[in-house]
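Hydrogens, waters and symmetry mates play no part in the numbers below; they use all other heavy atoms, side chains included. By convention in this document, chain letters (A, B, ...) are assigned in the order of the sequence lines, proteins followed by strands, and residues within each chain are numbered from 1.
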Number of protein chains: 2
Amino acid sequence: MFTLSEENYLKTIYHLGLNSEIGVSTNEIAKKMQTKASSVTDMIKKLSDKNLVVYKKYKGVRITDFGRNTAANIVRKHRLWEVFLVEKLNFSWDEVHEVAEQLEHIKSPKLINELDALLGFPKQDPHGDPIPDKEGNYYPLEKKLLATLGLGEKGICVGVNDSSSSFLQFLDKQKIALGNEIKVLGKEPFDDSIQIQIANRELSISNKIANNLYIKIL
Amino acid sequence: MFTLSEENYLKTIYHLGLNSEIGVSTNEIAKKMQTKASSVTDMIKKLSDKNLVVYKKYKGVRITDFGRNTAANIVRKHRLWEVFLVEKLNFSWDEVHEVAEQLEHIKSPKLINELDALLGFPKQDPHGDPIPDKEGNYYPLEKKLLATLGLGEKGICVGVNDSSSSFLQFLDKQKIALGNEIKVLGKEPFDDSIQIQIANRELSISNKIANNLYIKIL
DNA sequence: ATTAATTTTTAGTCTTATCTAAAATAATAA
DNA sequence: TTATTATTTTAGATAAGACTAAAAATTAAT
Ligand SMILES: [Mn+2]
Ligand SMILES: [Mn+2]
Ligand SMILES: [Mn+2]
Ligand SMILES: [Mn+2]
């Protein structure tokens with residue numbers, strides 16, 4: 001169907017275009033994929049030939065319905081594999097991404113549907129990201145960055161923005177996990193740090209952390 | 001480490017060289033891989049550069065200890081994935097090979113060792129083939145082709161020689177499964193067919209079938 | 001021992017995916 | 001509005017992996 005390279009470019013374009021009306025720029029894609037703009041232009045033409053994206057020279061690229069569906073299916077596989085690795089193979093949430101990057105390219109509809117069933121049809125991956133269904137649809141849950149919460153507001157930890165292993169390991173060390181209830185006890189204007197209560201402990205966390213943790217308001 | 005192509009060539013050379021003293025010929029490899037002899041020569045040079053095989057022009061190729069270890073690890077992954085697909089994802093034994101061909105190339109030592117544990121450290125794959133351990137060692141069990149059994153001999157079905165899906169589906173249809181006890185009731189000299197007793201049923205099977213079914217003598 | 005047939009290697013071409021350097025276009029500033 | 005800067009595309013090169021056709025080496029047959 002599609003090559004490994006095509007799938008990886010498409011997935012990047014899908015993610016970059018998610019919250020934007022306009023096209024995704026060549027440079028944006030190049031930066032995300034750690035490649036050169038000229039390589040991106042080449043690949044965009046191929047994706048366009050296969051009707052995965054619409055391409056107008058100098059005007060960036062937009063994903064088609066077909067492309068979005070295809071990309072969502074890759075994301076579905078990626079996230080289901082991540083759940084599998086954590087739930088069944090004792091991986092921690094900071095170890096799964098790299099392996100899922102490989103596994104997401106395995107071609108077998110039966111494999112992925114059976115995996116889905118084995119895992120009990122999960123709706124989120126280990127980082128709180130939604131898992132698209134077979135049709136590519138998903139239902140992102142209402143969530144806000146911890147940094148945007150007001151004094152006294154309470155909520156539940158439901159996801160991370162940054163899922164680098166250094167951030168995830170930091171959360172582990174601080175015993176901050178998805179599902180934990182969090183309450184904002186204080187906000188420090190000087191450095192925008194936040195005092196929180198989490199699982200009977202009080203903690204002060206930096207603005208950078210607060211900007212990478214998603215909370216579902218209670 | 002190694003490319004997909006290198007891994008696939010190496011695996012083929014490993015399998016072809018298993019029961020032979022002399023080197024594996026270019027044509028043999030080309031035939032097995034459905035490619036051209038010239039492509040094989042090219043790849044052999046690359047494998048040789050990486051010390052996976054020893055290559056002497058016109059003299060065929062022999063796998064090195066390093067190559068054998070590398071190949072055995074790929075085979076280990078292939079067979080463990082096959083067990084996983086059958087045991088955990090409701091695949092039948094004639095559906096697993098293609099998917100395992102993809103999965104065997106996933107790079108993650110932790111993944112494969114955890115998978116091994118999840119499956120209870122199986123020693124055989126769904127077709128009765130031995131699963132190498134982490135060091136690449138395995139213990140092939142004593143087995144004979146059904147066709148070589150004498151009149152009255154009894155044994156247990158422990159493996160298949162041909163694992164094409166048409167043969168496996170034929171066995172399913174005849175309700176011949178690994179683990180079944182088989183007794184030779186008669187041998188027909190005219191067409192070399194064999195009368196067997198299996199799970200209280202009597203059956204006549206062709207020589208072709210008998211030459212693809214492995215039996216462990218009781 | 002020559003000759004003929006087969007096998008294997010080499011030489012050269014093609015496709016995919018990448019890169020660098022240069023040219024073209026678009027965006028921004030003066 | 002023109003000049004400067006930034007972005008994007010094109011042109012040309014390279015490497016991996018595959019192919020065809022031709023040359024070379026080996027093996028088999030006379
Ligand atoms: Mn991930
Ligand atoms: Mn990927
Ligand atoms: Mn197999
Ligand atoms: Mn393979």
Side-chain angles (χ1 to χ4, degrees), chain A residues 1-14 16-17 20-63 67 70-71 74 101-102 104-107, chain B residues 1-14 16-17 20-63 67 70-71 74 101-102 104-107:
Chain A
M1 206 61 147
F2 303 111
T3 68
L4 189 96
S5 230
E6 286 168 346
E7 289 194 350
N8 282 332
Y9 273 97
L10 183 66
K11 196 168 57 122
T12 297
I13 292 166
Y14 169 77
L16 290 175
S20 104
E21 298 297 306
I22 61 170
V24 181
S25 84
T26 302
N27 259 2
E28 255 183 296
I29 299 168
K31 190 177 178 186
K32 197 77 161 200
M33 305 217 37
Q34 315 216 74
T35 184
K36 296 300 152 72
S38 53
S39 305
V40 174
T41 303
D42 283 348
M43 181 55 79
I44 285 175
K45 288 174 185 165
K46 289 171 199 160
L47 297 181
S48 176
D49 287 345
K50 299 191 176 188
N51 297 310
L52 293 163
V53 301
V54 174
Y55 170 54
K56 288 209 203 81
K57 275 190 192 174
Y58 294 99
K59 293 296 176 185
V61 70
R62 303 192 60 169
I63 202 162
T70 305
I74 300 169
E101 281 292 306
Q102 298 178 62
E104 73 188 9
H105 302 290
I106 302 294
K107 269 99 182 160
Chain B
M1 205 64 145
F2 303 112
T3 69
L4 189 98
S5 229
E6 286 167 348
E7 290 194 350
N8 282 332
Y9 274 97
L10 183 66
K11 196 168 56 122
T12 298
I13 292 166
Y14 169 78
L16 289 176
S20 106
E21 298 298 305
I22 61 170
V24 182
S25 83
T26 302
N27 259 2
E28 255 183 296
I29 299 168
K31 189 176 178 187
K32 197 76 161 198
M33 305 217 37
Q34 314 216 70
T35 184
K36 297 298 151 74
S38 53
S39 306
V40 174
T41 304
D42 284 348
M43 181 55 78
I44 285 175
K45 288 175 185 165
K46 288 171 198 159
L47 297 181
S48 177
D49 288 344
K50 299 192 175 186
N51 298 311
L52 293 164
V53 301
V54 174
Y55 169 53
K56 288 210 201 82
K57 276 189 193 178
Y58 294 98
K59 294 295 176 188
V61 70
R62 303 192 61 169
I63 202 161
T70 305
I74 301 169
E101 281 292 305
Q102 299 178 60
E104 73 189 8
H105 302 290
I106 302 293
K107 269 98 182 164

Please name all residues satisfying side chain to side chain contact (heavy atoms under 4.5 Å, CB included) with Ser20(B), sequence neighbours left out, ordered by chain then number.
Ile22(B)
Residues at least two apart in sequence or cross-chain that pass side chain to side chain contact (heavy atoms under 4.5 Å, CB included) with Asp42(A), listed by chain then number, are none
Who pairs with [X] by salt bridge (Lys or Arg N to Asp or Glu O under 4.0 Å), at least two apart in sequence or on another chain?
{"X": "Lys36(B)", "answer": "none"}
{"X": "Lys107(A)", "answer": "Glu7(A)"}
{"X": "Lys31(A)", "answer": "none"}

I would like to know whether Ile63(B) and Leu52(B) meet side chain to side chain contact (heavy atoms under 4.5 Å, CB included); could you show each step before the answer?
CA-CA 6 Å; Ile63(B) 202 161; Leu52(B) 293 164; 5.9 Å; no
Going by side chain to side chain donor-acceptor pair (under 3.5 Å), name the residues that satisfy it together with [X], two or more places apart in sequence or in a different chain.
{"X": "Glu104(B)", "result": "Lys11(B), His78(B)"}
{"X": "Gln102(B)", "result": "none"}
{"X": "Lys46(B)", "result": "none"}
{"X": "Lys32(A)", "result": "none"}

Judged by nearest nucleotide, the residue sitting upstream toward the 5' end of DNA chain C, Tyr9(A) or Ile44(B), is Ile44(B)
Leu4(A) atom CG is separated from dA17(C) atom P, nearest whole Å, by 9 Å
Glu6(A) CD - dA17(C) C1' separation (whole Å):
10 Å
Would you grab the first and last nucleotide of DNA chain D (5' to 3') that comes under 4.0 Å of any non-hydrogen atom in chain A?
dT7(D) to dT10(D)
Return the residues of residues 24-35 of chain B meeting this criterion: a heavy atom under 4.0 Å from some atom of DNA chain D. Order them by number, or give none.
Thr35(B)
Distances under 3.5 Å between protein N/O atoms and the N/O atoms of nucleotides 10-16 of chain C, please, pair by pair.
from, atom 1, to, atom 2, distance (Å)
dT10(C), OP1, Lys57(B), NZ, 2.6
dT10(C), OP2, Lys45(B), NZ, 2.7

On DNA chain D, nearest-nucleotide positions of Lys36(B) versus Met43(B): which is more 5'?
Met43(B)
